[in-house]
Number of protein chains: 2
Amino acid sequence: MKFSTRTTYGLRALIKLSEKFGKNNVSLASISRDEHISLKYLEQIFSSLKKANLVKSEKGATGGYSLVKKPEEITIFEIIEILEKDMNLFRCIDQHGKVNCNFKCNCGATKVLINVQRAINDTLKGMSLKDLI
Amino acid sequence: MKFSTRTTYGLRALIKLSEKFGKNNVSLASISRDEHISLKYLEQIFSSLKKANLVKSEKGATGGYSLVKKPEEITIFEIIEILEKDMNLFRCIDQHGKVNCNFKCNCGATKVLINVQRAINDTLKGMSLKDLI
DNA sequence: AAAATACCTACTGTTTTAGTTGGTATTTAA
DNA sequence: TTAAATACCAACTAAAACAGTAGGTATTTT
Ligand code: FES
Ligand code: FES
């Protein structure tokens with residue numbers, strides 16, 4: 001199990017934005033330089049974040065991205081849900097812990113997996129960008 | 001992010017063993033039938049579990065696998081650590097939360113990621129097989 | 001002797017990941 | 001008004017990881 005680089009880079013970039021919240025825009029070029037992340041890849045990542053309405057953007061020479069909400073209002077769960085393509089931790093269970101099995105077997109084990117999924121979700125929902133700066 | 005089928009199947013199989021703890025062996029053939037999991041794949045999974053000394057085995061017609069420890073002494077973290085090939089959730093950080101960056105950049109963001117890693121680890125260490133039956 | 005089990009090693013098709021490539025559109029500053 | 005800096009968009013691709021399969025051998029019970 002590993003978080004994708006999308007998520008990892010996204011988290012790191014959003015921390016930059018948190019630090020500048022209420023002040024400057026942050027350009028992807030500057031993040032790319034500071035964090036050694038491909039600019040083009042950052043663009044893709046921020047495309048997702050913008051679609052999900054977590055960040056807003058301005059074009060032009062003084063442009064860049066900024067957070068739409070306060071850092072303390074953005075949970076780590078929320079970010080991961082946007083950037084990680086597949087948050088179904090286990091087969092037979094959807095993101096919200098509902099059984100969805102191909103075999104319709106409804107074996108008891110799914111209850112276990114649901115508990116693990118929920119425990120991790122709750123942990124991530126309890127952490128915000130603010131907590132982490 | 002998704003747990004591999006190795007881990008998912010392994011967890012489901014270990015629940016079977018927990019139910020029979022102190023009683024019968026459980027054969028992989030029976031798990032394969034009940035849970036619709038490839039027998040050959042289960043063999044690989046149990047090879048890892050045995051090497052890690054989580055289960056023991058007996059050959060022959062009445063053979064099969066059984067837990068070495070009580071279900072309440074086996075944490076979900078422990079199982080996942082054995083079966084999941086890569087438990088480094090993020091780049092630049094090892095399993096135990098130590099910074100290990102290719103760029104030697106030691107950027108502040110790693111502290112964030114360490115916190116996420118630790119929170120998830122602690123959650124999984126707090127759950128045992130017993131809790132889940 | 002037959003059946004059931006564990007055990008071992010190598011291989012393989014598919015999917016996912018982690019980007020790259022090559023552009024266009026908008027805004028600011030010289 | 002031109003150049004530079006930014007965001008924005010779509011398609012492609014090499015490499016890695018995943019999820020098994022294949023083909024056996026060894027041991028124990030019935
Ligand atoms: S195989 Fe999906 S719930 Fe049992
Ligand atoms: S790039 Fe690895 S710690 Fe910053």
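Letters go in sequence order (proteins before strands), and every chain restarts at 1.
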Legend entry - Residue pairs fulfilling ring pair (Phe, Tyr, Trp, His ring centres under 6.0 Å) with at least one residue in residues 6-32 of chain A, sequence neighbours excluded: A/Tyr9-A/Tyr41

Inset, instruction - State, yes or no, whether a side-chain contact exists between A/Met87 and B/Lys2 at a heavy-atom distance under 4.5 Å. - result: no

Legend entry - SB check B/Glu78 B/Lys69 (cutoff 4.0 Å): yes

Legend entry - A/Asn25 CG - C/dT26 C1' separation (whole Å): 14 Å

Legend entry - Nearest-angstrom distance from the residue atom CZ of B/Arg33 to C1' of C/dA4: 11 Å

Inset, instruction - Rounded to the nearest angstrom, tell me the gap between atom CD1 in A/Ile31 and atom P in D/dT6. - result: 11 Å

Legend entry - C/dA6 phosphate, OP1 or OP2, under 4.0 Å from B/Ser27 side-chain N/O: no

Could you run down the sub-3.5 Å N/O contacts of the protein with nucleotides 8-10 of chain D?
residue, atom, partner, partner atom, Å
D/dC8, OP1, A/Lys50, NZ, 2.4
D/dC8, OP1, A/Ser57, OG, 2.5
D/dC8, OP2, A/Ser57, OG, 3.4
D/dC8, OP2, A/Tyr65, OH, 2.3
D/dC8, N4, A/Glu43, OE1, 2.8
D/dC8, N4, A/Glu43, OE2, 2.9
D/dC9, N4, A/Glu43, OE1, 3.4

Legend entry - Pairwise side-chain contact, B/Leu67 with B/Lys20, heavy-atom cut-off 4.5 Å (strictly under): no

Legend entry - Side chain B/Arg12, main chain B/Glu35, donor-acceptor under 3.5 Å: yes

Legend entry - B/Phe3 side chain reached by A/Leu113 side chain, heavy atoms, under 4.5 Å: no

Inset, instruction - Take the C1' atoms of the five end pairs on each side of the helix from C/dA1-D/dT30 to C/dA30-D/dT1, derive the two axes, and give their angle rounded to 10 degrees. - result: 10°

I'd like a table of atom pairs between the protein and nucleotides 15-19 of chain D - only N or O on both sides, under 3.5 Å - with the distance next to each one.
residue, atom, partner, partner atom, Å
D/dA19, OP2, B/Thr5, N, 3.1
D/dA19, OP2, B/Thr5, OG1, 3.4
D/dA19, O5', B/Thr5, OG1, 3.4

Inset, instruction - Find out if a path of hydrophobic residues (ILVMFWY) with successive side-chain heavy-atom gaps under 4.5 Å connects A/Leu39 to A/Leu14. - result: yes

Inset, instruction - Rounded off to whole Å, could you give me the CG-to-P distance for the B/Leu39 and D/dG20 pair? - result: 13 Å

Inset, instruction - Taking only the side-chain heavy atoms of A/Ala29 (C-beta and beyond), determine which of D/dT6, C/dT20, C/dT28 contains the nearest atom. - result: D/dT6

Legend entry - Where at least one partner belongs to residues 49-73 of chain A, residue pairs that pass ring pair (Phe, Tyr, Trp, His ring centres under 6.0 Å), sequence neighbours excluded: A/Phe46-A/Tyr65

Inset, instruction - Could you tell me the separation between the CD1 atom of B/Ile45 and the C1' atom of C/dC7, rounded to a whole number of Å? - result: 15 Å

Inset, instruction - Establish, from distance only, whether the side-chain atoms of B/Ser18 and B/Lys130 form a donor-acceptor pair under 3.5 Å. - result: no

Inset, instruction - Give a yes-or-no answer on whether the side chains of B/Glu72 and B/Ser128 include a donor-acceptor pair shorter than 3.5 Å. - result: no

Legend entry - Pairs involving residues 112-133 of chain B, ordered by first then second residue, that meet ring pair (Phe, Tyr, Trp, His ring centres under 6.0 Å) (sequence neighbours left out): none

